[in-house]
Amino acid sequence: MSSPATLPSDTAARRSIQPLPDLLVSQIAAGEVVERPASVVKELIENALDAGATRIDVRLDGGGIKRIVVADNGGGIARDELPLALARHATSKIATLAELESVASLGFRGEALASIASVAAVSITSRTPAADSAFTLEAEGEARAIAAAGSVGTRVEVADLFFKTPARRKFLRTEQTELGHCLTQIERIAAAHPQVAFSVSHAGRTLLQLAPATPRERALKLLPEEFAAAHRSVQAEAPGIRVQGWVGLPTAARARADAQYFYVNGRYVRDKVLSHAVRAAYADVLHGASQPMYCLFLDIDPTRVDVNVHPTKIEVRLRDSSAVHQFVLHAVQAALAETVRMPAPTATNVQSLADLAAARSGYAPTPLQPPLGIAQPVAAYLDLMAARPALVPVAAPASAAFPADVAAPTATAAMPAQQAASMPPLGYAIAQLAGIYVLAQNSAGLVIVDMHAAHERIVYEKLKHQLDAHAIPQQRLLIPQVFAADALDVASSEEHADTLAQIGLDLAPAAPTQLALRAVPALLAAVDGADGAALARAVLRDLREYGGSRVLTEHRNELLGTLACHAAVRANRRLTLEEMNALLREMEATERADQCNHGRPTWVQLSIGDLDRLFLRGR
């Protein structure tokens, strides 16, 4: 049996307190600033941008472990200031506490170059516009800069990273992995500085070449290809704060969070408040572990944000974090809500899918409980059908709006420009396929709509608005629907009666193992074949899982999604042409109608060109 460890006694020798050597202090600081080659690349590029560079060239060897060279065409460093560039806490960015609290530069701590020089071999060559030549200074050489050849700007070379601290070098990954981190870091910075040209090479091979571009062009160049075809613009402004950029549609979500760029005053950050705000905006269009893509820029009064939180400056602290959270959340929500929407109709002869379904089912909504509002005039469609085969629709509302990033369909050879301009975005229905899809013709070609997914989104949005207004209308059943239920369901119906009433359900025990459904949401009542008992069981399951006090707050979306799914038209339900067109018009008037509640597309567009390619026309 081993003996216990010997504890130091009061008489044991103790070291006296003494200052650490400057080199050791720098190496300790380097542990916070320099984690891997990508950290060095970040610090050097940020220095170049602060110097006003419009072109930055990065050359790497061995994934950045062997060598990193960053050259720029910025303002350069004066000869007598070169030694200070390698000194700890020496900087040209700030001089007072007031300047620190409103710092606008990317760097300001004055420790990056000193930290890098403490763990690697560093040399700086720089020239100012007023100098006759460049000057070079090596961290390990003389403190005096010597003349050298070089153009205006600065060139920093870092060799043999961590050779002075071998233990740190053991924690580096393979050269390819470290190279990947370097490229990711460069792309993050390049996205926020589209006016700057970047080039990156590794072992003499060019990996990245970025010319000056517009912010949108630069973002689309760096984000995955699927982002370009499925994104929305974000633009919102309030006193002292502005957010702009682009967010990917739910249909372009990814399994990993590797295409999420958020910037605060031009600085890439990872902030829990901001990332949560964006994620929350996707709450009712993206479910599960899927990750959205986005590139967002938050410009905020520098006095309202603290960037001096961490040496790497990747974390920030917001003074009014709750207000900023809500500002970003609503801005992204508004962008995702944009769809092929049209204004509500003003015509008096409005016929809706709910009206038609109610007539078939025998339900009669009361005047105080308006039916499901897939309510758009169908007279235009009836006139269109009367004009067949010419397919010349009457004028639809001219204010049909497409999202800013989605061009309105162009006229095709089969449809003159005047007719195309009068066509609603989703066109007019021509058929139903397999009891699942609605086929429609618009000015661009063929539109295919998943009718259940589209109607589910419409119902879901209506339920959200009704619940927010505390007015989900109920429809009393002429004959209560009695169904088998276990003891747990019966107990849950009594315990959560108030919550059930808020969402339009009225359940009462009919026997020890039976429940009577006496009222349902009016949206459900208007749908043929809707199974009220199945809905009641699903809602009771949600209430047991989340709790009645939380289901209408934290888990509102899940509950309303359950209601919407049961209230939407089902597969194999045969729709008339009038019903199909009513569905199309309601989609155009509904926020987020491009995706169902689970993030899947509700409709796709096939252009005439797409159809021609399918049939090899023109070959």
Side-chain angles (χ1 to χ4, degrees), residues 102 104 188 191-195 213-220 222-223 227-228 230-253 257 259-286 291-307 316-343 399 401-407 457 461 464-465 468 557 589-595 599:
S102 60
R188 288 173 178 170
H193 300 275
Q195 76 283 3
T214 65
R216 183 172 182 270
E217 289 171 343
R218 178 61 62 84
L220 296 184
L222 296 174
L223 285 160
F227 183 83
H231 68 274
R232 293 281 185 269
S233 292
V234 176
Q235 185 78 36
E237 190 168 359
I241 188 171
R242 177 179 64 181
V243 65
Q244 55 189 338
W246 306 270
V247 292
L249 294 178
T251 49
Q260 298 178 350
Y261 298 148
F262 208 115
Y263 301 85
V264 175
N265 293 343
R267 186 192 313 277
Y268 174 83
V269 299
R270 285 199 299 261
D271 182 80
K272 292 181 180 179
V273 171
L274 298 176
S275 60
H276 182 274
V278 178
R279 181 70 194 190
Y282 281 86
D284 58 357
V285 293
L286 189 63
Q291 295 290 336
M293 293 190 286
Y294 54 84
C295 182
L296 294 170
F297 301 89
L298 181 70
D299 297 314
I300 188 171
D301 183 345
T303 61
R304 296 174 59 185
V305 57
D306 184 5
V307 297
V316 295
R317 184 176 292 117
L318 299 165
R319 180 176 297 178
D320 307 311
S321 59
S322 297
V324 175
H325 179 280
Q326 289 301 301
F327 177 75
V328 173
L329 168 64
H330 292 148
V332 176
Q333 278 183 333
L336 293 174
E338 287 296 329
T339 183
V340 285
R341 288 184 290 162
M342 294 172 58
S399 55
F402 278 81
D405 292 324
V406 179
R457 166 58 70 180
E461 292 296 327
K464 282 201 305 183
H465 291 303
D468 290 340
N557 293 337
T590 300
E591 293 182 343
R592 305 174 185 86
D594 293 339
Q595 295 88 33

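In this text the structure is predicted, and so the values were computed from the model without any measurement.
In this structure, the separation between CZ on Arg232 and CG on Leu249 is 4.5 Å, given to the nearest 0.5 Å. Note that the CZ atom of Phe262 and the CZ atom of Arg188 stand 14.5 Å from one another [nearest 0.5 Å]. Atoms CD and CH2, from Gln235 and Trp246 in turn, are 9.5 Å apart once rounded to the nearest 0.5 Å. Rounding to the nearest 0.5 Å gives a distance of 10.0 Å between CG of Leu298 and CD of Gln244. Rounding to the nearest 0.5 Å places CG of Asp320 at 12.5 Å from CZ of Phe327. Tyr282 OH to Gln291 CD: the interatomic distance, rounded to the nearest 0.5 Å, is 10.5 Å.
The shortest heavy-atom contact between Tyr263 and Ala191 is OH-CB, 3.2 Å. Looking at every heavy atom in both residues, Cys295 comes nearest to Leu223 through CB-CD1, 4.0 Å. Closest approach of Ala335 and Val234 over heavy atoms only: CB-CG2, 3.6 Å. Contact record, Asn265 with Asp299: OD1-CA, 3.4 Å, taken as the closest heavy-atom pair. The nearest pair of heavy atoms linking Leu336 to Gly248 is CD2-O, 4.0 Å. Contact detail for Gly266 and Ala192: the closest heavy-atom pair is O-CB, 3.8 Å.
In this structure, Arg218 contributes its side chain and His193 its backbone to a donor-acceptor pair below 3.5 Å. Under a 3.5 Å cut-off, the side chain of Arg457 and the backbone N or O of Gln595 do form a donor-acceptor pair. With hydrogens and angles ignored, the 3.5 Å screen pairs no side-chain donor or acceptor of Asp301 with any backbone N or O of Ile241. Counting only distance, with no hydrogens or angles, the side chain of His231 and the backbone of Phe227 share a donor-acceptor pair below 3.5 Å. Side chain of Arg319 to backbone of Thr303: a donor-acceptor contact under 3.5 angstrom is found.
At a threshold of 4.5 Å between non-hydrogen side-chain atoms, the residues Leu318 and Asp271 count as touching. Taking the side chain as every heavy atom from C-beta outward, Gln333 and Arg592 approach each other to under 4.5 Å. Within the 4.5 Å cutoff, no side-chain heavy atoms of Gln260 are placed close to those of Arg279. In this structure, Val324 and Val273 have side chains that are not in contact, with every pair of non-hydrogen atoms separated by 4.5 Å or more. Counting heavy atoms from C-beta outward, Leu296 and Leu274 have side chains that stay 4.5 Å or more apart.
Classified by interplanar angle (parallel below 30°, tilted 30° to 60°, perpendicular above 60°), the ring pair Tyr268/Tyr261 is perpendicular.
Within a 6.0 Å radius of NE2 in His330, more than 12 heavy atoms belonging to other residues, nucleotides or ligands are found.
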